[in-house]
Amino acid sequence: MATPTRIGLAGLAVMGQNLALNIAEKGFPISVYNRSTSKVDETVERAKKEGNLPLYGFHDPESFVLSIQKPRVIIILVKAGLPVDQTIKTLSAFMEKGDCIIDGGNEWYENTERREKEMAELGLLYLGMGVSGGEEGARNGPSMMPGGSFEAYKYIEDILLKVAAQVPDSGPCVTYIGEGGSGNFVKMVHNGIEYGDMQLIAEAYDVLRSVGKLSNTELHQVFSEWNKGELLSFLIEITADIFGVKDDKADGYLVDKVLDKTGMKGTGKWTVQQAAELSVAAPTIAASLDSRFLSGLKDERVQAAKVFESSGVSDIFVEQTVDKNQLIDDVRKALYASKICSYAQGMNLIRAKSVEKGWDLKLGELARIWKGGCIIRAIFLDRIKGAYDRNPDLANLLVDEEFAKEMVERQSAWRRVVCLAINSGISTPGMSSSLAYFDSYRRESLPANLVQAQRDYFGAHTYERIDVPGAFHTEWFKIAKQSKN
């Protein structure tokens with residue numbers, strides 16, 4: 001290799017390998033490096049097999065860095081936290097002023113902001129770039145969310161525009177997000193919305209299976225049908241696929257043999273923590289996180305089931321007689337309405353952070369780059385983009401004219417599903433939380449007046465009145481005592 005390559009990539013686990021091959025396939029010669037050399041050789045081998053792609057492997061960091069044209073751009077895809085710092089230390093030793101490092105992992109946004117400052121002191125540029133779409137997306141076109149140095153983004157804009165998922169009529173699924181850790185923050189919230197989406201789909205499955213007694217074959221048909229309409233999305237599509245896969249080790253379907261215990265990497269937890277920090281209600285996302293925690297208590301749940309079965313609790317759940325077709329239609333509507341609440345919560349969280357940090361994020365543009373390549377890609381992101389195009393200052397997706405109309409049209413079905421689930425003893429925390437969010441948000445008056453009175457009673461926290469401006473405090477205890485005498 002005589003001429004320098006256009007870009008470098010360090011970290012060759014599945015995502016790194018696939019992204020490197022994607023870049024090479026788009027015609028950009030790329031250098032790759034990994035601490036364990038076997039991964040380097042494996043990637044070089046794949047590049048040969050997949051069409052003699054212009055990918056070059058290096059076993060030591062120095063020759064890797066020096067093989068890249070100046071100003072050098074290196075993407076790192078390693079585990080978040082300490083491994084990122086170690087990789088930066090290894091590579092930056094051979095880099096020069098004006099060179100750029102891009103972290104493509106799921107990193108905590110404040111770490112990115114710290115590293116950007118540290119790199120600036122060395123004269124290096126830095127980007128934190130969320131990459132969504134899993135291994136398939138990385139290889140064939142992900143959704144990418146780069147934030148940090150705009151100058152650094154301009155270095156590789158031509159590469160990112162070609163490597164990203166391409167959506168007809170709306171373009172490549174990448175845009176410069178904003179300053180600092182905004183790219184990582186947006187990816188984190190994207191993952192929080194993803195948690196909500198997955199939980200809501202699981203609840204739809206549970207109601208259809210447990211109350212509607214649908215078989216896996218029927219579930220496969222229902223979800224395939226749903227994927228042709230308003231719910232058309234990557235997650236609905238893969239769910240339909242899952243119901244069609246037979247077990248290769250025994251009779252029946254594989255989904256029924258999968259242990260009901262969900263893993264997680266932490267981005268959902270970060271999203272809920274940030275919502276709490278910023279005082280933004282995100283009950284659907286929080287409920288989906290709690291559901292994962294509860295799923296982890298498999299042994300306890302097995303014991304609890306025995307306790308409540310022997311004490312006769314299970315007898316109180318009446319077998320509901322349902323019209324199957326009506327149930328399928330109701331669940332579809334409930335799922336759609338609940339999803340809108342989950343996306344509304346995520347968008348509000350992004351906006352709150354954008355205001356706090358002065359990032360000036362464009363919510364409609366985020367909806368656009370999530371239309372392809374990423375896990376939450378869905379047809380209704382078009383509509384979300386439209387809502388923010390109509391009104392960039394939209395307080396909440398629920399009050400957009402189009403979405404408000406859809407919520408009203410679906411609310412009866414939604415309430416029927418939640419009531420049916422409650423009466424059948426099936427938990428639907430995501431759908432119930434979404435409905436409670438909708439019902440609280442649309443009410444002019446909430447019982448918070450009583451909570452505020454209680455706070456003033458025991459802690460003299462004061463309260464405002466609806467008829468006179470100012471802060472008031474009442475000696476509730478004394479007045480109550482007098483009235484008792």
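Treat the numbers as computed from the prediction; the structure is a model and nothing was measured.
Within a 6.0 Å radius of NZ in Lys269, other residues, nucleotides and ligands contribute 12 heavy atoms or fewer. The number of heavy-atom neighbours closer than 6.0 Å to CE of Met119, taken from other residues, nucleotides and ligands shown, is above 12. Counting heavy-atom neighbours within 6.0 Å of Lys246 NZ, excluding the residue itself, gives a total of 12 or less. Residue Lys405 places its NZ atom among 12 or fewer non-hydrogen atoms of other residues, nucleotides or ligands, all under 6.0 Å distant. In this structure, Gln452 places its CD atom where more than 12 heavy-atom neighbours from other residues, nucleotides or ligands lie under 6.0 Å away. Around the CD atom of Gln86, the shell of radius 6.0 Å holds more than 12 heavy atoms that belong to other residues, nucleotides or ligands. Counting heavy-atom neighbours within 6.0 Å of Glu356 CD, excluding the residue itself, gives a total above 12. Annotation: Glu118, atom CD; neighbour count of heavy atoms from other residues, nucleotides and ligands within 6.0 Å is above 12.
Using a 4.0 Å cut-off between a side-chain N of Lys or Arg and a carboxylate O of Asp or Glu, Asp389 and Lys385 qualify as a salt bridge. Under the 4.0 Å criterion applied to side-chain N and carboxylate O atoms, Asp439 and Arg415 are assigned as salt-bridge partners. Taking a cutoff of 4.0 Å between a charged side-chain nitrogen and a carboxylate oxygen, Arg368 and Asp382 do not qualify as a salt bridge. Classification of Arg383 and Glu406 as a salt-bridged pair holds, one side-chain N sitting under 4.0 Å from a carboxylate O. Salt bridge status for Glu230 with Arg410: present, with a side-chain N to carboxylate O gap under 4.0 Å. Ion pair Lys213/Glu218 not flagged as a salt bridge, since none of the NZ, NE, NH1 or NH2 atoms sits closer than 4.0 Å to an Asp/Glu carboxylate oxygen. The residues Arg114 and Asp85 are annotated as salt-bridged, a charged nitrogen and a carboxylate oxygen being separated by less than 4.0 angstrom.
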Tell me, with the steps shown, if Lys187 and Ser132 meet side-chain contact (heavy atoms from CB on, under 4.5 Å). CA-CA 8 Å; Lys187 173 60 165 58; Ser132 177; 3.6 Å; yes
Checking side-chain contact (heavy atoms from CB on, under 4.5 Å) for the pair Gln303/Glu300: CA distance, chi angles, key distance, verdict? CA-CA 5 Å; Gln303 290 311 311; Glu300 287 181 43; 5.7 Å; no
Candidate pair Arg139 and Glu25, rule salt bridge (Lys or Arg N to Asp or Glu O under 4.0 Å), full reasoning: CA-CA 9 Å; Arg139 181 66 186 84; Glu25 192 173 62; 3.1 Å; yes
Met347 and Ile193: CA distance, side-chain angles, deciding distance, side-chain contact (heavy atoms from CB on, under 4.5 Å) verdict: CA-CA 9 Å; Met347 289 302 195; Ile193 293 170; 5.5 Å; no
Could you check Arg390 against Glu402 for salt bridge (Lys or Arg N to Asp or Glu O under 4.0 Å), going step by step and ending with a plain yes or no? CA-CA 11 Å; Arg390 282 190 291 280; Glu402 276 192 31; 3.7 Å; yes
Check the pair Asp330 / Lys333 against salt bridge (Lys or Arg N to Asp or Glu O under 4.0 Å), numbers first and verdict last. CA-CA 5 Å; Asp330 280 357; Lys333 288 174 177 164; 5.3 Å; no
Determine, stepwise, if the pair Gln17 / Lys39 fulfils side-chain contact (heavy atoms from CB on, under 4.5 Å). CA-CA 9 Å; Gln17 280 193 25; Lys39 289 280 183 201; 4.0 Å; yes
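Tyr437 and Asn396 are linked by a side-chain donor-acceptor pair at a separation below 3.5 angstrom, with hydrogens and angles left out of the test. Residues Gln199 and Glu203 have side chains that bring a donor and an acceptor to within less than 3.5 angstrom of each other. In this structure, a donor-acceptor pair under 3.5 Å is absent between the side chains of Ser433 and Thr284. In summary, the side chains of Asp256 and Asn216 do present a donor paired with an acceptor at a separation below 3.5 Å, with no hydrogens or angles considered. Checked by atom type, the side-chain pair Lys353/Tyr109 shows a donor-acceptor distance below 3.5 Å. For the residue pair Ser295/Lys261, the side-chain donor-acceptor check at 3.5 Å is not satisfied. With no hydrogens or angles considered, a side-chain donor-acceptor pair links Asp197 and Tyr343 at under 3.5 Å.
Inter-residue side-chain proximity for Met188 and Gln274 is flagged as met; some heavy-atom pair is nearer than 4.5 Å. Side-chain contact between Leu9 and Ile74: absent, with no pair of heavy atoms (C-beta onward) separated by less than 4.5 Å. Contact check for Glu464 versus Phe472: no side-chain heavy atoms found under the 4.5 Å cut-off.
Shortest non-hydrogen contact noted between Thr428 and Ala421 is CG2-CB, 3.7 Å. Nearest heavy atom pair, residue Met407 against residue Cys341, reads CE-SG, 3.7 Å. Between Ala286 and Val272, the shortest heavy-atom distance links the atoms CA-CG2, 3.7 Å.
Using modelled atom types, no side-chain atom of Ser210 and backbone atom of Val207 make a donor-acceptor pair closer than 3.5 Å. Looking at Lys324, its side chain never comes within 3.5 Å of a backbone N or O of Val322 through a donor-acceptor pair. Put simply, the side chain of Ser354 gets close to the backbone of Leu361: a donor and an acceptor are under 3.5 Å apart. For Ser434 (side chain) and Ser338 (main-chain N/O), a donor-acceptor pair under 3.5 Å exists by modelled atom type. Between the side chain of Asp329 and the main chain of Asn325, no donor-acceptor pair closer than 3.5 Å is present. Between the side chain of Glu110 and the main chain of Trp108, no donor-acceptor pair closer than 3.5 Å is present. Remark: the backbone N or O of Asp467 is not paired with any side-chain donor or acceptor of Arg465 at under 3.5 angstrom. Between the side chain of Glu179 and the backbone N or O of Gly358 there is no donor-acceptor pair closer than 3.5 Å.
For the pair Arg209 and Tyr205, the distance from NZ or CZ to the six-membered ring centre is under 6.0 Å and the angle to the ring normal is within 45 degrees. At least one test fails for Arg455 against the ring of Tyr463: distance under 6.0 Å to the centre or angle within 45° of the axis. Figure legend: cation-pi geometry between Arg115 and Tyr126 absent, as NZ or CZ is not positioned both under 6.0 Å from the six-membered ring centre and within 45° of its axis.
Relative orientation of the Trp476 and Tyr457 rings is parallel, given thresholds of 30° and 60° on the angle between their planes. The aromatic rings of Tyr153 and Tyr176 lie tilted to each other, with the angle between the two planes from 30° to 60°.
The distance between the ring centers of Phe438 and Trp414 falls below 6.0 angstrom.
Of the candidates Asp247, Val245, Thr217, Thr217 is the only one forming a side-chain contact (heavy atoms from CB on, under 4.5 Å) with Tyr253. Put simply, the residue from Val189, Thr267, Ile375 that forms a side-chain contact (heavy atoms from CB on, under 4.5 Å) with Glu194 is Ile375.
To the nearest 0.5 Å, atom CH2 of residue Trp270 and atom CZ of residue Phe185 are 11.5 Å apart.
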